[in-house]
Amino acid sequence: MGKEYSMPLTNAQHDAIMRIYDGIRTHNRHIQEQRYNEIVSLIPEYQNIENEIISVSMQAAKARISGNSQDYTSLLKSLNDQKANLLISAGKPADYLDPVYTCTQCHDTGYINSRKCSCFNKKAIDLVYHDSNLKNITDNENFDTFSYEWYDNTTPDPSNGLTPYHNMQRIVDICHKFVDNFDKEAANILFFGGTGTGKTFLSNCIARELLNTSHSVIYLTAIELFTTFQRQDFSRFGEDKDSDANYLSDCDLLIIDDLGTEVGNTYTNSKLFYVINERMLKKKSTIISTNLSLSEIRDSYSERIFSRITSSYTILKVFGSDIRMMKKTGRKPGKA
């Protein structure tokens with residue numbers, strides 16, 4: 001999550017991100033000022049001690065300049081301890097009036113020394129990929145809104161002996177573990193199965209959890225994925241190259257939805273292999289969803305792609321009735 005991305009932003013994009021940081025710092029200074037006014041009103045003595053600290057600090061500075069050996073360290077420590085004790089006695093933490101930072105790593109500047117902070121990279125992805133749209137979707141599609149009521153609990157599937165209901169319970173549990181272990185190990189998921197069975201919803205559930213913990217998530221349909229590469233590879237000489245594709249190998253989680261809906265050819269095959277392989281090498285997690293069966297994936301894509309997926313992805317078959325159709329008709333599946 002701390003890796004710096006290689007994609008060059010335009011000056012306008014960079015300025016837009018820095019304006020976001022300006023707003024964050026202004027907001028946090030306002031919070032700090034409100035807290036200070038609250039404490040001074042609650043504990044008038046606090047401001048007296050602060051004034052004394054300023055006076056003693058000035059005396060210490062003069063002493064150093066004049067060569068005076070008097071040490072004010074103990075006095076200053078005692079005064080600062082008094083301030084902390086006053087805050088604690090008022091039911092506040094000792095650091096209540098410390099500077100407020102949204103990002104404690106870069107102190108809301110976007111940079112650690114000359115290196116972009118991970119929060120800068122997250123904002124860059126939000127800007128370039130309009131991640132706010134994904135956030136809006138996940139407000140409605142997340143683990144809290146997920147419902148098992150659309151999954152039949154009477155008819156087992158011949159492939160694994162589980163009803164759609166019990167199969168989905170197993171899959172949701174795997175998804176939770178994927179999120180819980182996200183920062184500990186790189187893992188990948190392939191959701192495959194019929195239309196309207198909940199594959200995209202599950203991807204959005206995972207995305208919501210990771211967005212809430214400040215991970216960078218890119219969601220693209222397969223068509224959007226290959227369009228992104230085409231914009232970069234086939235821009236005419238002299239045009240600004242759209243380098244957004246560089247983020248695809250570096251974001252914390254890449255979600256490729258509806259694989260198989262694109263027009264397949266040698267170019268799309270090579271780009272799919274590139275992004276899958278590159279993310280594996282960088283130990284970055286990927287989720288792919290598709291309506292294709294495993295045999296159709298094998299027949300539609302290169303052997304290298306099929307091998308990478310089957311060897312490095314958790315393969316989850318999502319089955320059941322088309323939930324979108326059931327919602328339209330008001331029909332519910334059978335329950336045991």
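Keep in mind that the numbers below use all heavy atoms, side chains included, and drop hydrogens, waters and symmetry copies. All of these numbers come straight from a predicted model, not from anything done at the bench. Counting begins at 1 with the first residue of the sequence.
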Worksheet item: Are Tyr151 and Asn167 linked by a side-chain donor-acceptor pair shorter than 3.5 Å?
Response: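 Looking only at side-chain atoms, Asn167 and Tyr151 do not form any donor-acceptor pair under 3.5 Å.
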Worksheet item: Does a donor on one side chain and an acceptor on the other come within less than 3.5 Å for Tyr96 and Glu38?
Response: yes
Practice prompt. Find out whether Leu76 and Ile53 are in side-chain contact, i.e. whether some heavy atom of one side chain is under 4.5 Å from a heavy atom of the other.
Written response: yes
Worksheet item: Would you call Asn277 and Arg304 a side-chain contact if the rule is heavy atoms closer than 4.5 Å?
Response: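 They are not in contact (no side-chain heavy atoms under 4.5 Å apart), so the answer is no.
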Worksheet item: Do you know which two heavy atoms are closest between Val318 and Met168, and how far apart they sit?
Response: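 That would be CG1-CE, 3.5 Å.
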Discussion item. Suppose we call two aromatic rings close when their centres sit under 6.0 Å apart. Are Tyr148 and Tyr165 close by that rule?
Written reply: yes
Practice prompt. Would you check if the distance from the ring center of Tyr21 to the ring center of His107 is below 6.0 Å?
Written response: no
Worksheet item: Looking at Thr221, Thr200, Asn204, which one forms a side-chain hydrogen bond (donor to acceptor under 3.5 Å, both in side chains) with Asp257?
Response: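 Passing option: Thr200.
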Worksheet entry | Partner of Leu190 under side chain to side chain contact (heavy atoms under 4.5 Å, CB included), chosen from Thr314, Thr310, Thr290 | Thr290
Fill in: side-chain hydrogen bond (donor to acceptor under 3.5 Å, both in side chains) evaluation trace for Thr195 with Asp322
CA-CA 6 Å; Thr195 301; Asp322 187 329; 5.6 Å; no
Practice prompt. Please write out which residues are connected to Met58 in a hydrophobic cluster, directly or through intermediates, given that two of Ile, Leu, Val, Met, Phe, Trp, Tyr count as joined at side-chain heavy-atom separations below 4.5 angstrom.
Written response: Ile54
Worksheet item: How does the hydrophobic cluster around Ile112 look, that is, which other residues are in it when side-chain heavy atoms under 4.5 Å mark a link?
Response: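 None; Ile112 is a cluster of one.
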Discussion item. Check for me, please, whether Leu248 and Tyr313 land in the same ILVMFWY cluster - side-chain distances under 4.5 Å, paths through other members count.
Written reply: yes
Item to complete: Walk me through it: do Ser249 and Arg279 pass the test side-chain hydrogen bond (donor to acceptor under 3.5 Å, both in side chains)?
Response: CA-CA 5 Å; Ser249 62; Arg279 291 186 62 78; over 6 Å; no
